[in-house]
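First the structure, in the form of C-alpha cells, and then the observations on it.
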Amino acid sequence: MTGVFSEWYKLPMSLSELCINTTLRCGQSFRWQKIPESEEWRCVLYGRLFSLKQDSNHLYYRTYSSDALPTPPSSVLPSRATSDTENNDGKLHTEKPGDDQLVSILKHYLNLSSNLSELYNQWSAQDPNFKKKAAAFSGVRILRQDPWEALVSFICSSNNNISRISQMVEKLCIHYGPFVATIGERVYHDFPAPDALAGKDVESKLRSLGFGYRAKYIYQTAVMVSQEREKGWLNDLCNPESPAFGIEAKAGDEMKPEGRDGYRNAHEKLLELQGVGPKVSDCVCLMGLGWGESVPVDTHVWQIAQRDYRFGKSSQKTLNKATYDAVANHFRKLWGQEAGWAHSVLFTADLRSFADRLATTKKVDVKVKEEESEVKIETEVKTAVALTAPKVEAEVKNEQEKDIVKGTASKKRKAPAESIIHAGHTTETRRTSKRLRR
DNA sequence: TGTCGCCCTAAGTA
DNA sequence: ATACTTAGGGCGA
C-alpha cells in the first residue's frame with residue numbers, strides 16, 4: 001500500500017510557547033515517534049497520521065493519506081471513550097477544507113489557546129525555585145490527550161519507565177487499535193477504543209505481551225468504561241472550559257486550594273476504576289480531562305517537594321494520602337489554577353533523560369533568600385544547551401551531576417525545623433480515600 | 001489511619 | 001555472572 005504526505009503547513013510559534021522536543025518526550029504522552037536523523041515527530045490523532053517539526057519561528061505540520069484508506073470519516077473524530085457516533089459529531093461534519101480542520105485538531109491537541117510565556121512569568125514571580133529550574137525548560141505545554149488513552153497509558157505507568165510505557169502503548173495500538181497506514185517498516189495504528197480492550201482474552205493476551213499485573217487493570221477498566229458506565233461518562237468528567245474536541249466550552253466553577261468542584265469530582269470518579277489510585281487519577285485529570293490544577297504526586301515529585309519546598313524528610317514521612325494532598329494543595333496555592341502545568345515543568349527538569357540540558361556545571365556561592373532566613377549554600381549553575389538539538393545524552397561527567405539527575409543531591413541545605421511543612425497542618429483532611437470507601 | 005508485602009517486567013547497577 | 005534495585009503505583013491485609 002502506498003500513500004503520500006501533504007505539503008508542510010505552518011503556524012507562527014516561538015519555542016517559549018511550545019517546544020515539541022521537550023513536550024513530546026517528557027512523559028505525558030507515549031505515542032509520539034521521533035524520526036531518526038530528522039527533526040520530525042509522528043503520531044496518529046483522531047484516525048490521522050500527523051507529522052510535526054519546528055524551528056525557532058514556526059511549527060510545521062502535515063498529514064499522511066493512504067491510497068486504500070482515505071481520510072477517515074469525521075465520525076471517528078470525537079473521543080474514543082464515546083462509542084456513540086451519532087450524537088457527538090455535530091460540529092465535525094462542517095465542510096471545512098482539510099488543512100482548516102487539521103489546524104483545529106492541532107490547536108486543540110496542543111492546547112495552544114493559553115499564553116505559556118505569561119504563565120511562566122506568573123509562576124516565576126510566585127516561586128524563585130520555579131524561576132531557576134524553568135530557564136532551561138521553556139515551552140513545556142500540557143497536551144489535551146484523549147481521556148481514554150490517557151487513562152490506559154497511566155495505568156501502564158505504575159512501577160514503570162517512559163521507554164517501556166511507550167512500548168506497551170505501542171503494543172496496545174498494534175494489537176487492538178484501528179490500522180491507519182504503513183510507511184516503510186513502520187505500521188501506524190490509532191489507540192484502541194474501550195470496547196476493543198474489553199474482550200474476554202484481553203487480559204491473558206496482555207500478560208503474554210509483557211504487561212504484567214497491569215493486564216488485569218486494563219481489562220477490568222475497559223469493561224467498566226465500555227459496559228458499566230453511561231456512554232460519554234469519561235468525557236463528561238472533562239473540565240467544561242476545556243472540553244473534548246468538537247464540544248462547546250462552558251463556564252467553570254470557582255478555584256479553591258483543593259481544586260474546583262469539577263476537578264474533585266472527576267478525580268474521585270476515576271478512583272472507582274481498577275488500577276487507578278490518586279496519582280494515576282491526577283495524571284488523567286491533568287493530561288486527559290483538562291483540569292489544570294491537578295498535581296500528580298509521584299515519588300519523584302515527592303522528592304522535589306522534600307528537597308526544594310521543605311516538606312518532611314523521607315526518613316520521617318512517607319508518601320501517603322495525607323502527604324499526597326498536602327503536597328498537591330501546597331503547589332496549587334503556590335502556582336494557582338494551572339499548577340499542574342508548572343508541576344510538569346519541574347518534573348521535566350528533573351527527568352534523567354533531560355540530563356543533556358545540564359550541559360555545563362560550575363560551582364559558585366550564591367545567596368538565596370528564602371522566607372525569613374538567608375542561607376548561604378553551595379549550588380550549581382546550569383547552562384542550557386540548544387532546546388532543538390535532540391542529541392544523544394551526554395555522558396554524566398561526575399558524581400555530582402549524577403546526584404542532580406537522580407534528585408538525591410542538595411542535602412547541603414538545612415532548613416529551619418519550624419519551616420518544614422507537615423501534612424496535617426497545611427491541609428484539610430479529606431475523607432475521599434478510595435480504600436476507605438470499600 | 002498508617003504501614004507493609006506483593007504484584008510483573010526489563011534495564012541498569014553492584 | 002548473578003542478585004538486587006529502580007522505573008512517574010495500586011491494592012489488600
Side-chain angles (χ1 to χ4, degrees), chain A residues 25-30 140 142 145 150-171 203-221 224 267 270-288 294-306 312 314-328 331 340 343-355 393 395-396 399 402-403 405-408 422-424 427-438:
Chain A
R25 62 192 186 108
C26 71
Q28 60 169 315
S29 61
F30 303 95
V140 178
I142 296 294
Q145 299 183 73
L151 173 57
V152 176
S153 298
F154 286 103
I155 287 176
C156 290
S157 76
S158 70
N159 276 326
N160 216 339
N161 56 69
I162 293 175
S163 168
R164 189 170 160 230
I165 299 164
S166 301
Q167 293 176 43
M168 290 163 71
V169 171
E170 170 77 7
K171 286 177 183 173
E203 180 182 343
S204 57
K205 172 88 168 184
L206 291 182
R207 279 193 175 269
S208 72
L209 289 171
F211 281 65
Y213 60 85
R214 305 164 195 89
K216 180 186 284 184
Y217 294 159
I218 292 170
Y219 166 71
Q220 289 177 331
T221 291
M224 291 179 78
H267 180 91
L270 289 174
L271 292 180
E272 297 169 5
L273 304 172
Q274 297 302 309
V276 180
K279 187 267 178 182
V280 170
S281 176
D282 272 331
C283 286
V284 178
C285 284
L286 178 63
M287 297 153 192
S294 176
V295 179
V297 182
D298 55 33
T299 56
H300 214 134
V301 173
W302 174 232
Q303 284 181 10
I304 292 174
Q306 293 173 96
S314 56
S315 57
Q316 302 164 351
K317 291 224 169 194
T318 56
L319 183 55
N320 53 37
K321 182 61 181 165
T323 48
Y324 187 104
D325 288 337
V327 170
F331 284 138
H343 140 280
S344 295
V345 176
L346 289 194
F347 179 86
T348 303
D350 264 36
L351 269 184
R352 189 185 203 117
S353 53
F354 287 98
E393 274 88 67
E395 286 294 316
V396 177
E399 290 303 313
K402 208 182 271 183
D403 281 347
V405 173
K406 283 179 173 176
T408 55
H422 295 285
T427 182
E428 306 80 351
T429 310
R430 305 200 65 81
R431 306 294 173 194
T432 52
S433 167
K434 181 178 188 175
R435 299 178 45 203
L436 292 179
R437 296 199 314 272
R438 291 186 171 170

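Model, not experiment: these values are computed from the prediction. Per chain, numbering begins at 1; letters A, B, ... match sequence-line order.
Residues A:Phe347 and A:Cys26 approach most closely at CE2-O, 3.9 Å, considering heavy atoms. Residues A:Ser344 and A:Met287 share a closest heavy-atom pair of OG-CE, 4.3 Å.
The distance between atom CG of A:Asn161 and atom C1' of B:dT9, rounded to the nearest whole Å, is 10 Å. Atom-to-atom, CD1 of A:Ile165 to P of C:dG8 comes out at 7 Å; the value is rounded to the nearest Å. Regarding A:Ile218, its CD1 atom lies at a distance of 14 Å from the C1' atom of B:dC7, rounded to whole Å. Atom pair A:Phe211:CZ and C:dG9:P shows a separation of 17 Å (rounding to whole Å applied). For A:Lys321 and C:dG9, the NZ to P distance is 16 Å, given to the nearest whole Å. Whole-Å rounding puts the A:Leu209 CG to B:dC8 P distance at 15 Å. Following rounding to the nearest Å, A:Glu203 (CD) and B:dC8 (P) show an atom-to-atom distance of 9 Å. Between A:Gln303 atom CD and C:dT6 atom P there is a gap of 10 Å when expressed in whole angstrom units.
Side-chain N/O atoms of A:Ser158 include none lying less than 4.0 angstrom from OP1 or OP2 on C:dG8. OP1 or OP2 of B:dC7 has not a single side-chain nitrogen or oxygen of A:Asn159 nearer than 4.0 Å.
Of all nucleotides listed (B:dG2, C:dG8, C:dG10), C:dG8 comes nearest to the side chain of A:Cys283. The nucleotide whose nearest atom lies closest to any side-chain atom of A:Phe154 is, among C:dG10, C:dG8, B:dT3, C:dG8. Nearest nucleotide to the side chain of A:Lys279, out of B:dG2, C:dG10, B:dC8: C:dG10. Set against B:dT13, B:dG2, B:dT9, the side chain of A:Arg164 has B:dT9 as its closest nucleotide. Distance from the side chain of A:Thr318 is smallest for B:dT3 among the nucleotides C:dG8, B:dT3, B:dC8.
No side-chain donor from either of A:Ser157 and A:Asn160 sits under 3.5 Å from a side-chain acceptor of the other.
Spacing of P atoms, B:dG5 relative to C:dG8, comes out at 23 Å, to the nearest Å. B:dC4 and C:dT6 are spaced 16 Å apart, taking the P atom of each and rounding to whole Å. With both ends at atom C1', the span from C:dG12 to B:dG2 equals 14 Å, rounded to whole Å. A gap of 16 Å separates the P atoms of B:dC7 and C:dC4, to the nearest Å.
Base contact: A:Cys26 has a heavy atom under 4.0 Å from a base atom. Here A:Gln167 lies out of heavy-atom contact (under 4.0 Å) with every strand. A:Arg207 comes within 4.0 angstrom of the backbone, heavy atoms only, and of no base.
Under a 3.5 Å cut-off, the side chain of A:Ser281 and the backbone N or O of A:Val276 do not form any donor-acceptor pair. Looking at A:Thr323, its side chain does come within 3.5 Å of a backbone N or O of A:Thr318 through a donor-acceptor pair. Checked by atom type and distance alone, the side chain of A:Gln274 never pairs as donor or acceptor with a backbone atom of A:Met224 at under 3.5 Å.
A donor-acceptor contact under 3.5 angstrom links the side-chain atoms of A:Tyr213 to the base of C:dG9. At a cut-off of 3.5 angstrom, the base of C:dG9 holds no donor-acceptor pair with the side chain of A:Asp298.
Mapping A:Ser163 and A:Tyr217 onto DNA chain B by nearest heavy atom places A:Tyr217 closer to the 5' end of the strand.
A 6.0 Å sphere centred on NZ of A:Lys171 holds more than 12 heavy atoms belonging to other residues, nucleotides or ligands.
Under the side-chain contact (heavy atoms from CB on, under 4.5 Å) criterion, A:Gln167 pairs with A:Ser163, not counting sequence neighbours. Partners of A:Phe30 under the ring-ring contact (aromatic ring centres under 6.0 Å, His included) rule, at least two apart in sequence or in another chain, are A:Phe154.
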Let's test your reading of the pairing rules: Watson-Crick or G-U wobble, both distances under 3.5 Å, then write DNA chain B as a dot-bracket string with ( ), [ ], | and dots. ..|||||.||||||
